[in-house]
2 protein chains.
Amino acid sequence: MPTQTKENYLKAIYYLQQRNKTATISELAEEMQVNKSTVTEMIKKLADRGWVDYQKYKPIRLSELGQVEAAQIIRKHRLTEMFLVDIMGFGWEEVHEIAEEVEHLKSESLFDRMDRLLGFPDADPHGSPIPAKNGELYRRPYKALSNYRVGDTLRLKAVIDNTDSLLAMLTDKQIGLGTEFNIKKVEPFDKSMVVDYRNCEGITLTHEVCRRLMVEQIN
Amino acid sequence: MPTQTKENYLKAIYYLQQRNKTATISELAEEMQVNKSTVTEMIKKLADRGWVDYQKYKPIRLSELGQVEAAQIIRKHRLTEMFLVDIMGFGWEEVHEIAEEVEHLKSESLFDRMDRLLGFPDADPHGSPIPAKNGELYRRPYKALSNYRVGDTLRLKAVIDNTDSLLAMLTDKQIGLGTEFNIKKVEPFDKSMVVDYRNCEGITLTHEVCRRLMVEQIN
DNA sequence: ATTTTTATTTAGTACAACAAAAATAAAAAG
DNA sequence: CTTTTTATTTTTGTTGTACTAAATAAAAAT
């Protein structure tokens, strides 16, 4: 059974792999805010327990086992977030921190019950998919809003790299999952977008924001 | 901030104090299933941090601070149990283990939210009182069913020393909080009681059971 | 007053998580 | 293809938590 720290390493590798197919010692050291030597040591331990495939000086990848282990932690995290929002009434910008703690609980029955009470949801409150218990995950092929152009109509399906402050801003602007955007203008200078949605017109979203809004096209 | 282990020591001292006004090294060693020397060492650390009043060879007591600290853990435990039963639909015999884990979470807002959703309950699903955040606790003056005699009518208000198997047995016998008992007979030989309740008549409860059923008299 | 019980001290183990500095390997640049 | 740079690993060492066994001391009981 991994400790909390080891679980956090597994998560970090999982996310890095998702971005870059692979993880490096340096990336992990940056991510975990520790010395590279600490990471090397830790990776050896994870390799010993069969959670990562590792040969020295080579990039790191999760093993089958580690993949499942990591996915289960992420499953717990995302189920918890969904539970906190849907059942307990928290705002979507409040739940990440709490879920960071709860995801390390061992009681499987707790998470199974959440799952059932929520009707076996397939995404968390930010639209991130919830892995199955066996580690499988259906990733939807959404693209970022920043990839579209004037005239396109898009529905918000997920927010990635979501920090509390980003989510709070979106809430403030009345943007949530399901919101439908019409792109009115794209500024060539800074790639910011002017969009309409709901009863809001001519709202400017910076590129930094648009990069994080994952949408599906509906026209 | 206490570690999980230290929190468990605080709880253990709290419970022992409740029974005996005070806790000893030996009792704690037995309770925590560790060597006495381990306990001595740990108690010194707790004393250093101001959670227990301790002089060597003398009995141990929680300090004001330790009292509050312990009460808060117990608050979290009991709120969690209540939440698991009332909101999540677990049976009262299923929740102790889960709550043992959840009680160590640091997110205050989670427990505050549980509290609110439950309507600020004053007892857990087994009738044990829930401490306030400041550590205060209103202990009701219930007595054990075993203290009463033939002809008395009693309402079940709490189950103490509740193990999962005891609770499962009570559920099986259709006994729950609020159940009203009529004492029909008390066997002098083994102090077992024959009682009527609901639609059940002539049910025998051993002394071991009756000692753990805390009741109020209603006639 | 001596024995027994209980508690403490001492000395040590094991493990987790970390870092600094030196050594080494791999990759990039010349 | 050698040199330089960068990335990684090794070595050595720290800190903290939780624990034990054996020796000793204090308190309680006979």
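Note: hydrogens, waters and symmetry copies are ignored here, and every other heavy atom, side chains too, is used. The chains referred to below are lettered A, B, ... by the order of the sequence lines, with proteins before strands, and numbering in each begins at 1. Just so it is clear, the model here is predicted, and its values are computed rather than measured.
Taking only side-chain nitrogens and oxygens, A:T3 comes nearer than 4.0 Å to OP1 or OP2 of C:dA17. At least one side-chain nitrogen or oxygen of B:K56 sits closer than 4.0 Å to the OP1 or OP2 atom of C:dT9. Dashed line: the shortest gap from a side-chain N or O of A:Y9 to OP1 or OP2 of C:dA16 is not under 4.0 Å. The side chain of A:S26 places an N or O atom within less than 4.0 Å of a non-bridging phosphate oxygen (OP1 or OP2) of D:dT8. At D:dA18, none of the side-chain N or O atoms of B:T38 fall inside 4.0 Å of OP1 or OP2 (strictly under the cut-off). In terms of phosphate contacts, B:Y54 brings no side-chain nitrogen or oxygen within less than 4.0 Å of OP1 or OP2 of C:dA7.
Side-chain atoms of B:T5 lie closest to D:dC19 of the nucleotides C:dT9, C:dA16, D:dC19. Taking the side chain of A:K6 as heavy atoms from C-beta on, and the options C:dA17, D:dT10, C:dT6, the nearest nucleotide is C:dA17. Picking from C:dA7, C:dA19, D:dT9 the nucleotide with the shortest atom distance to the side chain of A:V34 gives C:dA19. Which of C:dA16, D:dA25, C:dT9 sits closest to the side chain of B:Y57 comes down to D:dA25. Minimum atom distance to the side chain of B:M42 is reached by D:dA18, of the listed C:dA7, C:dT9, D:dA18. Considering only side-chain atoms of A:I25, the nucleotide from C:dA16, C:dT9, D:dT8 that sits closest is D:dT8.
If you check the side chains of A:S165 and A:T163, you find a donor sitting under 3.5 Å from an acceptor.
Scanning atom types as modelled, no donor and acceptor separated by under 3.5 angstrom connect the side chain of B:S37 and the base of C:dA7.
Both B:E27 and B:E41 lie near DNA chain C, and the one whose nearest nucleotide falls closer to the 5' end is B:E27.
Going from atom CG of B:L213 over to atom CD of B:E208 covers 11.5 Å, rounded to the nearest 0.5 Å.
With B:H77 as the partner, the ring pair (Phe, Tyr, Trp, His ring centres under 6.0 Å) test is satisfied by one option alone out of B:H96, B:H104, B:H126: B:H96.
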